[in-house]
Amino acid sequence: MLEPVLNNLLSDLRGLVNSARARAAASVNSELVMLYWHIGKRLHLEFSATRLTYGEQILQAVAKSLTTEFGHGFSKSSLSRATRFYEICPEEKIVATVWQQLSWSHIPELLPLKDPLQRDFYAQMTTLEHQLIASTQAREEEKS
Amino acid sequence: MLEKPFDYTTLLSDLKTQIQAARTKAALAVNRELVLLYWSIGKRILEQQALQGWGAKVIQQLSNDLRLEFPDMQGLSKRNLQYMRAFAEAYSGEFVQQAAAQLPWFHNCVVLDKLKDAQTRAWYIRACIQNGWSRPILEMQIETKLHQRQGNAVNNFERTLPAPHAELAAQMLKDPYNFDFLGLGQEAHERDLENALIAHIKSFLLELGAGFAFVGNQYHLEINGKDYYLDLLFYHYRLHCFVVIDLKVTEFKPEYAGKMNFYLSAVDDLLRSAGDAPSIGMVLCKNKDKTDVEYALRGMSQPLGVSSFELSAMLPKELEGVLPTVAQLEALLTKNS
(Lines give C-alpha, C1' and ligand atoms only; values in the text may rest on other atoms or scores of the structure.)
Protein backbone atom coordinates (compact mmCIF):
# COMPACT_ATOMS: atom_id res chain seq x y z
CA MET A 1 0.00 0.00 0.00
CA LEU A 2 2.36 2.64 -1.21
CA GLU A 3 -0.10 5.08 -2.68
CA PRO A 4 -1.74 6.77 0.35
CA VAL A 5 1.57 7.25 2.18
CA LEU A 6 3.22 8.61 -0.92
CA ASN A 7 0.33 10.97 -1.48
CA ASN A 8 0.62 12.24 2.06
CA LEU A 9 4.31 12.83 1.63
CA LEU A 10 3.69 14.57 -1.63
CA SER A 11 1.14 16.96 -0.19
CA ASP A 12 3.53 17.57 2.68
CA LEU A 13 6.30 18.49 0.28
CA ARG A 14 3.94 20.65 -1.75
CA GLY A 15 3.21 22.65 1.39
CA LEU A 16 6.94 23.00 2.11
CA VAL A 17 7.68 24.27 -1.39
CA ASN A 18 4.80 26.74 -1.38
CA SER A 19 5.61 28.24 1.97
CA ALA A 20 9.33 28.48 1.18
CA ARG A 21 8.44 30.19 -2.08
CA ALA A 22 6.12 32.62 -0.33
CA ARG A 23 8.77 33.47 2.25
CA ALA A 24 11.41 34.00 -0.42
CA ALA A 25 9.11 36.16 -2.50
CA ALA A 26 8.21 38.21 0.57
CA SER A 27 11.87 38.89 1.37
CA VAL A 28 12.62 39.85 -2.19
CA ASN A 29 9.59 42.08 -2.27
CA SER A 30 10.44 43.91 0.90
CA GLU A 31 14.01 44.39 -0.35
CA LEU A 32 12.58 45.84 -3.51
CA VAL A 33 10.22 48.22 -1.73
CA MET A 34 13.01 49.46 0.53
CA LEU A 35 15.32 49.81 -2.44
CA TYR A 36 12.83 51.98 -4.31
CA TRP A 37 12.25 54.02 -1.21
CA HIS A 38 15.98 54.68 -0.81
CA ILE A 39 16.37 55.50 -4.47
CA GLY A 40 13.42 57.87 -4.18
CA LYS A 41 14.94 59.53 -1.15
CA ARG A 42 18.30 59.99 -2.84
CA LEU A 43 16.73 61.47 -5.96
CA HIS A 44 14.42 63.72 -3.98
CA LEU A 45 17.22 65.10 -1.81
CA GLU A 46 19.52 65.49 -4.78
CA PHE A 47 17.02 67.46 -6.79
CA SER A 48 15.74 69.66 -3.98
CA ALA A 49 19.23 70.36 -2.61
CA THR A 50 20.61 71.46 -5.91
CA ARG A 51 17.37 73.03 -7.14
CA LEU A 52 17.87 71.48 -10.49
CA THR A 53 15.94 72.89 -13.35
CA TYR A 54 17.06 70.15 -15.67
CA GLY A 55 15.89 67.32 -13.40
CA GLU A 56 13.98 65.61 -16.20
CA GLN A 57 17.03 65.12 -18.36
CA ILE A 58 19.06 63.86 -15.45
CA LEU A 59 16.35 61.38 -14.51
CA GLN A 60 16.36 60.24 -18.12
CA ALA A 61 20.12 59.73 -18.12
CA VAL A 62 20.04 57.90 -14.80
CA ALA A 63 17.21 55.67 -16.03
CA LYS A 64 19.11 54.78 -19.18
CA SER A 65 22.27 53.95 -17.30
CA LEU A 66 20.53 51.81 -14.70
CA THR A 67 18.41 50.04 -17.29
CA THR A 68 21.45 49.10 -19.33
CA GLU A 69 23.08 47.66 -16.27
CA PHE A 70 20.20 46.15 -14.28
CA GLY A 71 17.26 45.62 -16.61
CA HIS A 72 13.82 47.05 -16.86
CA GLY A 73 12.84 47.98 -13.30
CA PHE A 74 14.53 51.36 -13.52
CA SER A 75 12.82 53.27 -16.28
CA LYS A 76 12.24 56.97 -15.90
CA SER A 77 8.65 56.41 -14.81
CA SER A 78 9.77 53.88 -12.18
CA LEU A 79 12.27 56.40 -10.87
CA SER A 80 9.74 59.22 -10.66
CA ARG A 81 7.35 56.83 -8.96
CA ALA A 82 10.07 55.99 -6.44
CA THR A 83 10.60 59.71 -5.81
CA ARG A 84 6.87 60.22 -5.25
CA PHE A 85 6.83 57.23 -2.95
CA TYR A 86 9.48 58.85 -0.77
CA GLU A 87 7.81 62.26 -0.84
CA ILE A 88 4.50 60.78 0.27
CA CYS A 89 5.98 58.46 2.83
CA PRO A 90 9.24 59.99 4.06
CA GLU A 91 9.36 58.03 7.33
CA GLU A 92 11.50 54.94 7.05
CA LYS A 93 9.84 53.32 10.05
CA ILE A 94 6.41 53.39 8.43
CA VAL A 95 7.77 52.03 5.16
CA ALA A 96 9.50 49.28 7.04
CA THR A 97 6.41 48.16 8.94
CA VAL A 98 3.46 48.66 6.64
CA TRP A 99 4.51 49.33 3.09
CA GLN A 100 7.02 46.53 2.91
CA GLN A 101 4.22 44.04 3.09
CA LEU A 102 2.65 45.39 -0.06
CA SER A 103 4.06 44.42 -3.34
CA TRP A 104 5.63 47.21 -5.37
CA SER A 105 2.85 46.84 -7.90
CA HIS A 106 0.26 47.80 -5.28
CA ILE A 107 2.02 50.98 -4.36
CA PRO A 108 1.23 53.01 -7.47
CA GLU A 109 -2.43 52.30 -6.82
CA LEU A 110 -2.07 53.78 -3.37
CA LEU A 111 0.09 56.75 -4.33
CA PRO A 112 -2.62 59.00 -5.76
CA LEU A 113 -4.41 59.09 -2.40
CA LYS A 114 -3.51 62.54 -1.20
CA ASP A 115 -4.58 62.36 2.42
CA PRO A 116 -1.91 60.60 4.52
CA LEU A 117 -4.49 59.13 6.89
CA GLN A 118 -6.43 57.66 4.04
CA ARG A 119 -3.25 56.21 2.59
CA ASP A 120 -2.13 54.51 5.76
CA PHE A 121 -5.60 53.14 6.25
CA TYR A 122 -5.65 51.57 2.81
CA ALA A 123 -2.17 50.22 3.21
CA GLN A 124 -3.14 48.59 6.47
CA MET A 125 -6.32 47.18 5.01
CA THR A 126 -4.42 45.64 2.13
CA THR A 127 -1.95 44.11 4.55
CA LEU A 128 -4.78 42.72 6.60
CA GLU A 129 -6.40 41.30 3.51
CA HIS A 130 -3.12 39.66 2.64
CA GLN A 131 -2.93 37.95 6.02
CA LEU A 132 -6.54 36.88 5.80
CA ILE A 133 -6.08 35.30 2.42
CA ALA A 134 -2.94 33.56 3.61
CA SER A 135 -4.57 32.15 6.72
CA THR A 136 -7.67 31.04 4.83
CA GLN A 137 -5.48 29.23 2.33
CA ALA A 138 -3.55 27.60 5.15
CA ARG A 139 -6.79 26.44 6.76
CA GLU A 140 -8.08 25.03 3.52
CA GLU A 141 -4.85 23.18 2.94
CA GLU A 142 -5.14 21.66 6.38
CA LYS A 143 -8.66 20.55 5.63
CA SER A 144 -7.87 18.98 2.29
CA MET B 1 23.84 80.41 0.60
CA LEU B 2 26.03 78.36 -1.62
CA GLU B 3 24.29 75.78 -3.72
CA LYS B 4 25.69 72.33 -3.50
CA PRO B 5 27.15 71.54 -6.91
CA PHE B 6 25.42 68.68 -8.64
CA ASP B 7 27.57 65.60 -8.99
CA TYR B 8 26.10 63.20 -11.51
CA THR B 9 28.82 60.58 -11.25
CA THR B 10 28.42 60.25 -7.50
CA LEU B 11 24.65 60.09 -7.76
CA LEU B 12 24.81 57.32 -10.31
CA SER B 13 27.43 55.31 -8.49
CA ASP B 14 25.50 55.66 -5.21
CA LEU B 15 22.35 54.36 -6.84
CA LYS B 16 24.23 51.48 -8.41
CA THR B 17 25.76 50.55 -5.06
CA GLN B 18 22.34 50.60 -3.48
CA ILE B 19 20.85 48.39 -6.17
CA GLN B 20 23.76 45.95 -5.90
CA ALA B 21 23.38 45.77 -2.14
CA ALA B 22 19.65 45.15 -2.35
CA ARG B 23 20.23 42.48 -4.96
CA THR B 24 22.83 40.78 -2.81
CA LYS B 25 20.49 40.76 0.18
CA ALA B 26 17.62 39.45 -1.90
CA ALA B 27 19.82 36.75 -3.43
CA LEU B 28 20.97 35.64 0.00
CA ALA B 29 17.43 35.48 1.31
CA VAL B 30 16.23 33.44 -1.65
CA ASN B 31 19.22 31.12 -1.50
CA ARG B 32 18.69 30.58 2.20
CA GLU B 33 15.05 29.63 1.68
CA LEU B 34 15.98 27.27 -1.12
CA VAL B 35 18.71 25.46 0.81
CA LEU B 36 16.48 25.20 3.88
CA LEU B 37 13.69 23.85 1.70
CA TYR B 38 16.00 21.23 0.22
CA TRP B 39 17.04 20.21 3.70
CA SER B 40 13.41 19.82 4.83
CA ILE B 41 12.53 17.82 1.75
CA GLY B 42 15.54 15.60 2.35
CA LYS B 43 14.51 15.15 5.96
CA ARG B 44 10.98 14.07 5.02
CA ILE B 45 12.32 11.57 2.53
CA LEU B 46 14.70 10.12 5.12
CA GLU B 47 11.94 9.80 7.69
CA GLN B 48 9.53 8.12 5.32
CA GLN B 49 12.18 5.78 3.98
CA ALA B 50 13.01 4.68 7.50
CA LEU B 51 9.35 4.31 8.36
CA GLN B 52 8.19 2.52 5.23
CA GLY B 53 11.35 0.75 4.23
CA TRP B 54 11.24 2.46 0.82
CA GLY B 55 13.98 1.97 -1.68
CA ALA B 56 15.41 4.18 -4.39
CA LYS B 57 12.42 3.62 -6.65
CA VAL B 58 10.22 5.85 -4.53
CA ILE B 59 12.54 8.79 -5.09
CA GLN B 60 12.04 8.46 -8.83
CA GLN B 61 8.28 8.39 -8.32
CA LEU B 62 8.48 11.43 -6.05
CA SER B 63 10.58 13.28 -8.57
CA ASN B 64 8.03 12.62 -11.32
CA ASP B 65 5.13 13.76 -9.16
CA LEU B 66 6.86 16.90 -7.92
CA ARG B 67 7.94 17.91 -11.41
CA LEU B 68 4.38 17.57 -12.57
CA GLU B 69 3.31 19.81 -9.74
CA PHE B 70 6.02 22.46 -10.14
CA PRO B 71 6.89 22.45 -13.82
CA ASP B 72 8.73 25.78 -13.64
CA MET B 73 11.02 24.71 -10.83
CA GLN B 74 14.33 23.05 -11.52
CA GLY B 75 16.06 20.90 -8.99
CA LEU B 76 13.40 18.25 -8.55
CA SER B 77 15.26 15.56 -10.47
CA LYS B 78 15.83 12.22 -8.86
CA ARG B 79 19.51 13.03 -8.59
CA ASN B 80 18.86 16.29 -6.79
CA LEU B 81 16.36 14.65 -4.45
CA GLN B 82 19.10 12.20 -3.57
CA TYR B 83 21.38 15.12 -2.82
CA MET B 84 18.70 16.56 -0.55
CA ARG B 85 18.47 13.29 1.27
CA ALA B 86 22.24 13.13 1.71
CA PHE B 87 22.23 16.78 2.78
CA ALA B 88 19.63 16.14 5.50
CA GLU B 89 21.54 13.06 6.61
CA ALA B 90 24.80 14.97 6.89
CA TYR B 91 23.80 18.07 8.86
CA SER B 92 21.59 19.18 11.69
CA GLY B 93 18.92 21.76 10.99
CA GLU B 94 20.81 24.16 13.20
CA PHE B 95 24.01 23.89 11.19
CA VAL B 96 22.13 24.44 7.96
CA GLN B 97 20.44 27.54 9.38
CA GLN B 98 23.72 28.96 10.61
CA ALA B 99 26.12 27.97 7.90
CA ALA B 100 25.23 25.77 4.95
CA ALA B 101 22.26 27.94 3.89
CA GLN B 102 24.70 30.77 3.22
CA LEU B 103 26.27 28.84 0.36
CA PRO B 104 24.73 28.16 -3.04
CA TRP B 105 23.27 24.69 -3.41
CA PHE B 106 25.93 23.44 -5.82
CA HIS B 107 28.64 24.38 -3.36
CA ASN B 108 26.88 22.19 -0.84
CA CYS B 109 26.69 19.35 -3.36
CA VAL B 110 30.43 19.59 -3.97
CA VAL B 111 31.10 19.28 -0.25
CA LEU B 112 28.76 16.28 -0.02
CA ASP B 113 30.40 14.57 -2.96
CA LYS B 114 34.03 15.15 -2.15
CA LEU B 115 34.17 14.87 1.61
CA LYS B 116 32.85 12.21 3.91
CA ASP B 117 33.90 13.37 7.36
CA ALA B 118 31.43 15.63 9.18
CA GLN B 119 34.08 17.84 10.79
CA THR B 120 35.95 18.35 7.57
CA ARG B 121 32.74 19.20 5.75
CA ALA B 122 31.89 21.80 8.35
CA TRP B 123 35.41 23.20 8.09
CA TYR B 124 35.15 23.76 4.32
CA ILE B 125 31.67 25.21 4.54
CA ARG B 126 32.78 27.80 7.06
CA ALA B 127 35.98 28.53 5.18
CA CYS B 128 34.03 28.97 1.98
CA ILE B 129 31.60 31.44 3.54
CA GLN B 130 34.48 33.38 5.04
CA ASN B 131 36.50 33.55 1.83
CA GLY B 132 33.75 33.71 -0.74
CA TRP B 133 35.21 30.96 -2.93
CA SER B 134 33.65 30.18 -6.25
CA ARG B 135 32.77 26.53 -6.89
CA PRO B 136 35.96 25.69 -8.85
CA ILE B 137 38.08 27.30 -6.14
CA LEU B 138 36.24 25.34 -3.46
CA GLU B 139 36.88 22.11 -5.41
CA MET B 140 40.52 23.01 -5.79
CA GLN B 141 40.92 23.76 -2.06
CA ILE B 142 39.33 20.41 -1.22
CA GLU B 143 41.50 18.52 -3.67
CA THR B 144 44.68 20.13 -2.39
CA LYS B 145 43.56 19.45 1.20
CA LEU B 146 43.68 23.02 2.41
CA HIS B 147 42.42 21.99 5.85
CA GLN B 148 45.56 19.95 6.40
CA ARG B 149 47.83 22.64 5.10
CA GLN B 150 46.27 25.19 7.39
CA GLY B 151 46.39 22.89 10.39
CA ASN B 152 43.23 22.29 12.31
CA ALA B 153 42.40 25.95 12.44
CA VAL B 154 38.70 25.22 12.71
CA ASN B 155 38.52 27.39 15.78
CA ASN B 156 39.64 30.41 13.87
CA PHE B 157 36.17 30.86 12.56
CA GLU B 158 34.02 33.14 14.55
CA ARG B 159 30.90 31.65 16.00
CA THR B 160 28.73 34.02 14.13
CA LEU B 161 29.90 34.03 10.57
CA PRO B 162 30.61 37.23 8.70
CA ALA B 163 28.26 38.35 5.98
CA PRO B 164 28.99 36.35 2.84
CA HIS B 165 31.11 37.82 0.13
CA ALA B 166 29.69 39.75 -2.72
CA GLU B 167 31.13 37.20 -5.16
CA LEU B 168 29.19 34.40 -3.55
CA ALA B 169 26.06 36.49 -3.75
CA ALA B 170 26.76 37.14 -7.39
CA GLN B 171 26.90 33.41 -7.99
CA MET B 172 23.62 32.98 -6.19
CA LEU B 173 22.15 35.58 -8.49
CA LYS B 174 23.26 33.60 -11.51
CA ASP B 175 22.14 30.29 -10.10
CA PRO B 176 19.17 29.26 -12.23
CA TYR B 177 17.80 27.17 -9.37
CA ASN B 178 17.27 30.27 -7.30
CA PHE B 179 15.29 32.06 -9.96
CA ASP B 180 13.22 29.12 -11.02
CA PHE B 181 12.41 28.61 -7.39
CA LEU B 182 10.82 32.05 -7.32
CA GLY B 183 9.18 31.48 -10.66
CA LEU B 184 11.36 34.25 -12.10
CA GLY B 185 13.70 31.95 -13.93
CA GLN B 186 13.46 33.03 -17.43
CA GLU B 187 13.44 36.76 -16.95
CA ALA B 188 16.65 36.84 -15.00
CA HIS B 189 18.35 34.31 -17.23
CA GLU B 190 17.39 36.24 -20.29
CA ARG B 191 19.08 39.40 -19.13
CA ASP B 192 22.51 37.77 -18.98
CA LEU B 193 22.08 35.92 -22.19
CA GLU B 194 20.67 38.96 -23.91
CA ASN B 195 23.55 41.19 -22.93
CA ALA B 196 26.03 38.70 -24.30
CA LEU B 197 24.08 38.19 -27.51
CA ILE B 198 23.50 41.89 -28.07
CA ALA B 199 27.22 42.58 -27.85
CA HIS B 200 27.82 39.73 -30.27
CA ILE B 201 25.22 40.84 -32.81
CA LYS B 202 26.41 44.41 -32.66
CA SER B 203 29.97 43.48 -33.53
CA PHE B 204 28.77 41.05 -36.18
CA LEU B 205 26.72 43.68 -38.00
CA LEU B 206 29.43 46.31 -37.75
CA GLU B 207 32.05 43.91 -39.05
CA LEU B 208 29.78 42.96 -41.91
CA GLY B 209 30.80 46.32 -43.36
CA ALA B 210 27.59 46.52 -45.33
CA GLY B 211 26.54 49.94 -44.12
CA PHE B 212 25.41 49.44 -40.55
CA ALA B 213 26.05 52.39 -38.26
CA PHE B 214 25.44 51.80 -34.59
CA VAL B 215 22.96 54.20 -32.97
CA GLY B 216 22.45 52.66 -29.56
CA ASN B 217 21.53 49.73 -27.40
CA GLN B 218 18.61 49.85 -24.99
CA TYR B 219 17.70 52.89 -27.04
CA HIS B 220 15.03 54.84 -25.21
CA LEU B 221 11.77 55.94 -26.81
CA GLU B 222 9.02 57.70 -24.94
CA ILE B 223 5.59 57.03 -26.38
CA ASN B 224 2.47 58.41 -24.69
CA GLY B 225 4.38 58.95 -21.48
CA LYS B 226 5.63 55.37 -21.34
CA ASP B 227 9.22 54.23 -21.66
CA TYR B 228 10.29 51.73 -24.27
CA TYR B 229 13.75 50.40 -24.92
CA LEU B 230 14.95 49.05 -28.24
CA ASP B 231 17.50 46.28 -27.84
CA LEU B 232 19.62 47.56 -30.70
CA LEU B 233 19.18 50.45 -33.08
CA PHE B 234 21.25 50.91 -36.24
CA TYR B 235 21.14 53.30 -39.15
CA HIS B 236 21.85 51.78 -42.52
CA TYR B 237 23.57 54.36 -44.66
CA ARG B 238 23.12 52.54 -47.92
CA LEU B 239 19.44 51.82 -47.46
CA HIS B 240 18.97 55.17 -45.69
CA CYS B 241 16.81 53.75 -42.96
CA PHE B 242 16.79 52.80 -39.33
CA VAL B 243 17.14 49.14 -38.44
CA VAL B 244 15.54 48.01 -35.18
CA ILE B 245 16.62 44.74 -33.60
CA ASP B 246 14.56 42.98 -30.99
CA LEU B 247 16.11 40.01 -29.30
CA LYS B 248 14.13 37.32 -27.53
CA VAL B 249 15.53 34.43 -25.60
CA THR B 250 12.42 32.37 -26.18
CA GLU B 251 10.93 30.77 -29.23
CA PHE B 252 9.09 33.01 -31.62
CA LYS B 253 5.66 34.14 -30.46
CA PRO B 254 3.05 35.93 -32.58
CA GLU B 255 2.91 38.94 -30.26
CA TYR B 256 6.53 39.77 -31.11
CA ALA B 257 5.28 40.78 -34.55
CA GLY B 258 2.86 43.28 -33.05
CA LYS B 259 5.51 44.68 -30.79
CA MET B 260 7.97 45.12 -33.65
CA ASN B 261 5.27 46.81 -35.68
CA PHE B 262 4.75 49.23 -32.83
CA TYR B 263 8.48 49.96 -32.51
CA LEU B 264 8.85 50.54 -36.22
CA SER B 265 5.92 52.95 -36.35
CA ALA B 266 7.36 54.78 -33.34
CA VAL B 267 10.82 55.02 -34.90
CA ASP B 268 9.27 56.28 -38.12
CA ASP B 269 7.32 58.91 -36.19
CA LEU B 270 10.02 60.07 -33.85
CA LEU B 271 13.34 59.58 -35.63
CA ARG B 272 12.84 59.21 -39.33
CA SER B 273 13.38 62.35 -41.35
CA ALA B 274 12.18 63.26 -44.84
CA GLY B 275 14.96 61.60 -46.81
CA ASP B 276 14.84 58.32 -44.95
CA ALA B 277 13.27 55.12 -46.19
CA PRO B 278 10.83 53.22 -43.93
CA SER B 279 12.51 51.49 -41.01
CA ILE B 280 13.32 47.82 -41.05
CA GLY B 281 12.98 45.45 -38.13
CA MET B 282 14.59 42.18 -37.22
CA VAL B 283 13.16 39.87 -34.59
CA LEU B 284 15.80 37.44 -33.44
CA CYS B 285 14.58 34.56 -31.33
CA LYS B 286 16.88 32.11 -29.78
CA ASN B 287 16.24 29.51 -27.17
CA LYS B 288 17.99 26.33 -26.22
CA ASP B 289 16.96 24.26 -29.16
CA LYS B 290 15.72 26.66 -31.77
CA THR B 291 16.67 29.80 -33.56
CA ASP B 292 14.20 31.94 -35.43
CA VAL B 293 14.90 35.06 -37.42
CA GLU B 294 12.19 37.24 -38.91
CA TYR B 295 12.52 40.42 -40.86
CA ALA B 296 9.85 43.10 -40.57
CA LEU B 297 9.51 45.20 -43.69
CA ARG B 298 6.92 47.74 -44.48
CA GLY B 299 4.38 46.78 -47.09
CA MET B 300 6.79 45.25 -49.57
CA SER B 301 4.09 43.16 -51.16
CA GLN B 302 1.26 45.44 -50.31
CA PRO B 303 -0.35 48.43 -52.01
CA LEU B 304 1.02 51.78 -50.96
CA GLY B 305 -0.55 53.49 -48.01
CA VAL B 306 -0.87 50.42 -45.90
CA SER B 307 1.22 51.25 -42.91
CA SER B 308 1.73 47.86 -41.45
CA PHE B 309 4.88 45.87 -41.38
CA GLU B 310 5.03 42.32 -42.56
CA LEU B 311 7.09 39.72 -40.89
CA SER B 312 8.94 37.48 -43.21
CA ALA B 313 11.44 34.72 -42.75
CA MET B 314 12.79 35.49 -46.23
CA LEU B 315 14.78 38.49 -47.26
CA PRO B 316 13.53 40.04 -50.52
CA LYS B 317 15.97 39.60 -53.42
CA GLU B 318 16.69 43.31 -53.73
CA LEU B 319 17.95 43.48 -50.17
CA GLU B 320 20.25 40.49 -50.38
CA GLY B 321 23.83 41.53 -50.05
CA VAL B 322 22.84 44.72 -48.28
CA LEU B 323 21.33 43.09 -45.22
CA PRO B 324 22.54 39.82 -43.74
CA THR B 325 20.38 36.92 -44.81
CA VAL B 326 18.18 35.01 -42.41
CA ALA B 327 20.50 32.04 -42.76
CA GLN B 328 23.52 34.15 -41.83
CA LEU B 329 21.77 35.51 -38.75
CA GLU B 330 20.59 32.09 -37.70
CA ALA B 331 24.07 30.71 -38.04
CA LEU B 332 25.36 33.58 -35.94
CA LEU B 333 22.87 32.94 -33.16
CA THR B 334 23.37 29.21 -33.19
CA LYS B 335 27.14 29.51 -33.05
CA ASN B 336 26.88 31.71 -30.02
CA SER B 337 25.16 29.17 -27.81
Side-chain angles (χ1 to χ4, degrees), chain A residues 1-3 5-36 38-39 41-43 45-47 49-52 54-55 58 60-79, chain B residues 3-8 11-12 14-16 18-23 25-34 36-38 40-41 44-45 47-48 51-52 54 58 61-62 65-66 69-70 73 76 178 181-184 187-188 190-191 194-195 216-220 222 225-229:
Chain A
M1 283 310 289
L2 198 86
E3 281 300 308
V5 190
L6 194 59
N7 280 340
N8 274 343
L9 176 59
L10 200 62
S11 85
D12 214 18
L13 296 188
R14 188 186 305 139
L16 284 177
V17 174
N18 282 332
S19 61
R21 268 188 165 176
R23 272 197 307 275
S27 346
V28 171
N29 183 62
S30 73
E31 268 320 313
L32 191 67
V33 170
M34 287 320 285
L35 170 65
Y36 278 124
H38 281 291
I39 290 178
K41 180 179 178 183
R42 184 75 166 84
L43 291 173
L45 296 180
E46 194 72 56
F47 290 154
T50 49
R51 262 166 273 148
L52 287 176
Y54 43 95
I58 288 174
Q60 188 61 69
V62 171
K64 182 169 195 281
S65 219
L66 295 182
T67 304
T68 313
E69 189 159 343
F70 300 105
H72 288 281
F74 305 98
S75 67
K76 192 176 144 218
S77 37
S78 295
L79 294 182
Chain B
E3 260 186 44
K4 195 174 129 231
F6 176 67
D7 181 352
Y8 179 73
L11 171 67
L12 195 63
D14 283 357
L15 292 179
K16 284 184 180 175
Q18 232 154 18
I19 297 172
Q20 285 294 7
R23 274 190 157 184
K25 277 170 75 183
L28 284 170
V30 173
N31 186 72
R32 188 186 158 73
E33 285 300 337
L34 186 69
L36 287 172
L37 170 68
Y38 284 171
S40 321
I41 294 180
R44 298 293 158 103
I45 296 176
E47 286 166 4
Q48 288 301 317
L51 225 68
Q52 317 287 340
W54 286 347
V58 175
Q61 179 67 42
L62 213 52
D65 289 341
L66 282 172
E69 184 98 13
F70 299 100
M73 192 173 148
L76 298 171
N178 280 345
F181 169 52
L182 274 181
L184 297 174
E187 224 173 288
E190 279 177 17
R191 187 93 219 132
E194 253 172 44
N195 282 338
N217 63 333
Q218 293 299 323
Y219 189 90
H220 174 257
E222 194 179 314
K226 276 193 166 171
D227 297 308
Y228 296 91
Y229 296 89

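Since we're looking at a predicted model, the values are computed, not measured. Labels below follow one simple rule: chain letters A, B, ... track the order of the sequence lines, proteins then strands, and each chain is numbered from 1.
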Item to check | Verdict with reasoning, B:Leu15 to A:Phe74, per side chain to side chain contact (heavy atoms under 4.5 Å, CB included) | outcome: CA-CA 11 Å; B:Leu15 292 179; A:Phe74 305 98; over 6 Å; no
Checklist entry - For A:Leu13 and B:Phe70, what are the C-alpha separation, side-chain angles and deciding distance, and is it a side chain to side chain contact (heavy atoms under 4.5 Å, CB included)? => result CA-CA 11 Å; A:Leu13 296 188; B:Phe70 299 100; over 6 Å; no
Next on the checklist: Go through it in stages, so that I can follow the logic: the residues are B:Trp54 and A:Leu9, the test is side chain to side chain contact (heavy atoms under 4.5 Å, CB included), and I'd like the CA-CA distance, side-chain angles, deciding distance and then a yes or no.
Outcome noted: CA-CA 12 Å; B:Trp54 286 347; A:Leu9 176 59; 3.6 Å; yes
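Looking at every heavy atom in both residues, A:Leu16 comes nearest to B:Ile41 through CD1-N, 4.2 Å. Taking every heavy atom of both residues into account, A:Leu66 and B:Lys16 meet most closely at CD2-CG, 3.8 Å.
Summarising the geometry, atom CG belonging to B:Leu37 is positioned 9.5 Å from atom CZ belonging to A:Arg21; distances are rounded to the nearest 0.5 Å. Of the inter-residue distances, the one linking B:Gln48 atom CD with A:Leu10 atom CG reads 11.5 Å to the nearest 0.5 angstrom. Once rounded to the nearest 0.5 Å, the distance linking CG of B:Leu12 with CD of A:Glu69 reads 8.0 Å. The line from CG of B:Asp14 to NE2 of A:His38 is 12.5 Å long, rounded to the nearest 0.5 Å.
A salt bridge is defined here as a Lys NZ or Arg NE, NH1 or NH2 lying under 4.0 Å from an Asp or Glu carboxylate O, and A:Lys76 with B:Glu222 meets this definition.
Of the atoms belonging to B:Glu47, not a single heavy atom falls under 4.5 Å from chain A. Residue contact with chain A, scored on non-hydrogen atoms closer than 4.5 Å, involves the backbone and the side chain of B:Gln18 alike. If you measure heavy-atom distances from A:Ala61 to chain B, the contacts under 4.5 Å come from both the backbone and the side chain.
Residues B:Tyr229 and A:Thr68 fail the side-chain proximity criterion, which asks for heavy atoms closer than 4.5 Å. Considering only heavy atoms from C-beta on, B:Leu11 comes within 4.5 Å of A:Leu43 through its side chain.
Residues satisfying the ring pair (Phe, Tyr, Trp, His ring centres under 6.0 Å) criterion with B:Tyr8, sequence neighbours excluded, are absent altogether. Considering only residues two or more places apart in sequence or on other chains, A:Ser77 meets the side-chain contact (heavy atoms from CB on, under 4.5 Å) condition with A:Ser75, B:Asp227.
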